[in-house]
Trainee: 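Have a look at this one before I ask anything.
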Number of protein chains: 2
Amino acid sequence: MPYDPSAFPPFAVTVDLVVLTVRRHSLCALAVRRGEPPFQGRWALPGGFVRADEDLAQAAARELAEETGLRAHDPAVPVQDNGAHLEQLATYGDPKRDPRMRVVSVAHLALAPDLPAPRAGGDASNVRWAPVEELLQRGGYGRDGEPVAPLAFDHAQILSDGVERARSKIEYSSLATAFCPPEFTVGELRRVYEAVWGVALDPRNFHRKVTGTPGFLVPTGGTTTRQGGRPAQLFRAGGATLLNPPMLRPEV
Amino acid sequence: MPYDPSAFPPFAVTVDLVVLTVRRHSLCALAVRRGEPPFQGRWALPGGFVRADEDLAQAAARELAEETGLRAHDPAVPVQDNGAHLEQLATYGDPKRDPRMRVVSVAHLALAPDLPAPRAGGDASNVRWAPVEELLQRGGYGRDGEPVAPLAFDHAQILSDGVERARSKIEYSSLATAFCPPEFTVGELRRVYEAVWGVALDPRNFHRKVTGTPGFLVPTGGTTTRQGGRPAQLFRAGGATLLNPPMLRPEV
DNA sequence: GATCATAGTCGTCTGCTTGACGATAAACAC
DNA sequence: GTGTTTATCGTCAAGCAGACGACTATGATC
């Protein structure tokens, strides 16, 4: 049965990615510089068109691999290898969000451990990790006094939503381990929470909480001193994906 | 600057609605019977194409009004009149989810107080409130022994995701009041939680929790005996939208 | 009108979790 | 060795939740 394409308005569908990582104690997002209009020269979130035969999650995983070389996780598999966590975030479809045409963007959120450096489509100066608060202070000035143009399109909103999702989700899930290498210490995991939430946590209470939650962390037997100080036990993420009771985010 | 439409594959974009309410102590969803292929005669979620000049939230609100007569809430306004809560749920874009063509559906979740009866496009026999567990037991048998066909398309998945969202969101937000009339008693609110979660809650502990959370409920001064028994105080939803600490869902 | 059933509301007690913080341990730098 | 850093264990008080007793105010029933 043929279907009349004129019966519905045609849309372009894209995926945009909020790729977050923790670098040098601050929450950073992947940004790419746009090479063509609209918003030429402005920073934007990575993304691209969904292909005709492709699922949304596949399209997001493909874009993620193209931009970072990261494999996306099968959501059914616990987070423990170098693949990134990838989940759908929300969909943005304001008729005017792209001046060229009607574009609906299905934003995805990816969490990755600290990566050497983005190896974009080749040109390294057009891809970077930037602290999210820098990307979100639209039209302000960077730490070097250089004016910072707001992100292209509605990407500041998308980034903001992605950051908020990450902040709330590490409260009640083991998702913070997606920011860590396969083996990590309790202190490293605590610094992830501190960077994502932008607060300081008590090391002793944090240690009690994460080691006391069954299935959250499993010791690997090894230790490391890569953070300095007394050697710390190494852990892997355990099978538990839900944290009950949740980790409490301190009041501001 | 003109854009070459052949550079990207065209998609149809729809909104589908998971409209939930609580009727006779059970969680029910709005279902419509499909009048044309594909899946002709099968039950489905209400929905339709997004128009060319319409935002996604506008499209969802329009569909909701067409199916139920409910006005959607401005999300900035606290839930207290007869408007329904409406929020984006997730987007479904499997290439084969609609056999006719490539359709991406942006599902929305609506929560409404118990309504008289759906006044669909006119034909009442093709719209109904059905208990969600009945809609979700795909290919099983209804309570009357009549075989129940699974929902059309991937709507069982969408409904399941919507129900799960509602179940988790009433834990930490005041969203359960969206299922209640403007004025309601503590017992009525408790029965909402019990229906949505499918558990029994202790009336005394529930009463202590909701009346002890500042800003959650505000007494109107009136009382009612519409549930029988001793007269109960009437409340309206207070300004607080977040419940901290959350309402704890009992272990199974 | 007494009794019963129903639902609402207030308290009490116990155990668990948290936040604050003292104390000790094991590495490295000098 | 001394100081610094980070990790880890312990203690204590406050807060909150689950279990549950007790009392109240209606309508229904005899």
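So you know, we letter chains A, B, ... as the sequences are listed, proteins then strands, and number each from 1.
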Trainee: Side chains of B:D161 and B:Y92: donor-acceptor distance under 3.5 Å anywhere?
Mentor: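 B:Y92 and B:D161 do have a side-chain donor-acceptor pair below 3.5 Å.
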Trainee: Listed by chain and number, what are the side-chain contact (heavy atoms from CB on, under 4.5 Å) partners of A:A60, not counting sequence neighbours?
Mentor: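 side-chain contact (heavy atoms from CB on, under 4.5 Å) list for A:A60, sorted by chain: A:L17, A:L86, A:H108.
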Trainee: Mind checking what makes side-chain contact (heavy atoms from CB on, under 4.5 Å) contact with B:Y172, not counting sequence neighbours?
Mentor: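 Expected list: B:K169, B:P246.
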Trainee: With sequence neighbours excluded, what pairs up with A:R249 under the salt bridge (Lys or Arg N to Asp or Glu O under 4.0 Å) test?
Mentor: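 With sequence neighbours excluded, A:R249 shows a salt bridge (Lys or Arg N to Asp or Glu O under 4.0 Å) to A:E164, A:E171, given in chain and number order.
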Trainee: Please examine the side chains of A:V19 and A:E67, heavy atoms only from C-beta on, and report whether any two atoms are closer than 4.5 Å.
Mentor: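 Heavy-atom side-chain distance check fails, nothing below 4.5 Å.
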Trainee: Give the rounded distance in Å between these two atoms: CG of A:L234 and P of C:dA27.
Mentor: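 Whole-Å distance recorded here is 14 Å.
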Trainee: Have a look at the helix from C:dG1-D:dC30 to C:dC30-D:dG1 and give the angle its two end axes make, five pairs each, rounded to 10 degrees.
Mentor: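 Helix axis angle between the two ends: 10°.
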Trainee: Can you check the A:R226 CZ to C:dC28 C1' distance for me, whole Å?
Mentor: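 Going from CZ in A:R226 over to C1' in C:dC28 covers 17 Å.
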Trainee: For A:P231, check side-chain contact (heavy atoms from CB on, under 4.5 Å) against everything at least two apart and list the hits.
Mentor: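 Here the qualifying residues are A:T223, A:T225.
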Trainee: Using the test salt bridge (Lys or Arg N to Asp or Glu O under 4.0 Å), find all partners of B:R33 that sit at least two apart in sequence or belong to another chain.
Mentor: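 With sequence neighbours excluded, B:R33 shows a salt bridge (Lys or Arg N to Asp or Glu O under 4.0 Å) to no residue whatsoever.
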Trainee: Not counting sequence neighbours, which residues clear side-chain contact (heavy atoms from CB on, under 4.5 Å) with A:S160? List them please.
Mentor: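 Applying side-chain contact (heavy atoms from CB on, under 4.5 Å) to A:S160 gives A:L136.
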Trainee: Encode nucleotides 20-30 of chain D as B, S and - characters from 5' to 3', where the letter depends on protein heavy atoms closer than 4.0 Å: B to the base, S only to sugar-phosphate, - to neither.
Mentor: BB--BBB----
Trainee: Taking atom P of D:dG15 as reference, at what distance in whole Å does atom CZ of B:R208 sit?
Mentor: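 Computing the B:R208:CZ to D:dG15:P distance gives 14 Å.
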Trainee: Given D:dT8, is OP1 or OP2 found less than 4.0 Å from the side-chain N or O atoms of A:H207?
Mentor: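 The answer is yes; a side-chain N or O of A:H207 sits under 4.0 Å from OP1 or OP2.
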Trainee: In whole angstrom, what separates B:K209's NZ from C:dT9's P?
Mentor: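 Computing the B:K209:NZ to C:dT9:P distance gives 18 Å.
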Trainee: Can you pull the salt bridge (Lys or Arg N to Asp or Glu O under 4.0 Å) pairs that have at least one residue in residues 203-221 of chain B, sequence neighbours excluded?
Mentor: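 As it turns out, the salt bridge (Lys or Arg N to Asp or Glu O under 4.0 Å) pairs with a partner in residues 203-221 of chain B, which skip direct neighbours, are B:D202-B:R204.
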Trainee: To the nearest Å, give me how far apart CG (A:L201) and C1' (C:dT18) are.
Mentor: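 So the CG-C1' distance, A:L201 to C:dT18, works out to 13 Å.
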Trainee: Send over the distance from B:E171 CD to D:dA17 C1', rounded to a whole Å.
Mentor: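 To the nearest whole Å, that distance equals 15 Å.
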Trainee: Send over the distance from B:Q227 CD to C:dT9 P, rounded to a whole Å.
Mentor: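 Checked: the CD to P distance equals 12 Å.
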Trainee: Quick one: A:F206 CZ to D:dC9 P, roughly how many Å, whole number?
Mentor: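 My rounded result for the distance is 15 Å.
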Trainee: Give me the residues of residues 189-196 of chain B where at least one heavy atom lies under 4.0 Å from an atom of DNA chain D, by number, or none.
Mentor: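 Of all residues in residues 189-196 of chain B, none places a heavy atom under 4.0 Å from DNA chain D.
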Trainee: Kindly write out the residues that satisfy ring-ring contact (aromatic ring centres under 6.0 Å, His included) with A:W197, not counting sequence neighbours, or none if the list is empty.
Mentor: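 Testing A:W197 for ring-ring contact (aromatic ring centres under 6.0 Å, His included), a comparison that skips the adjacent residues, returns A:Y193.
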Trainee: Test of understanding: with ring-ring contact (aromatic ring centres under 6.0 Å, His included), list the residues that count as partners of B:F216, not counting sequence neighbours.
Mentor: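 Here no residue qualifies.
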Trainee: For A:E188 and B:L248, find the nucleotide of DNA chain D closest to each by heavy atoms; which residue's nucleotide sits nearer the 5' end?
Mentor: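 Checking each residue's closest nucleotide, the 5'-ward one belongs to A:E188.
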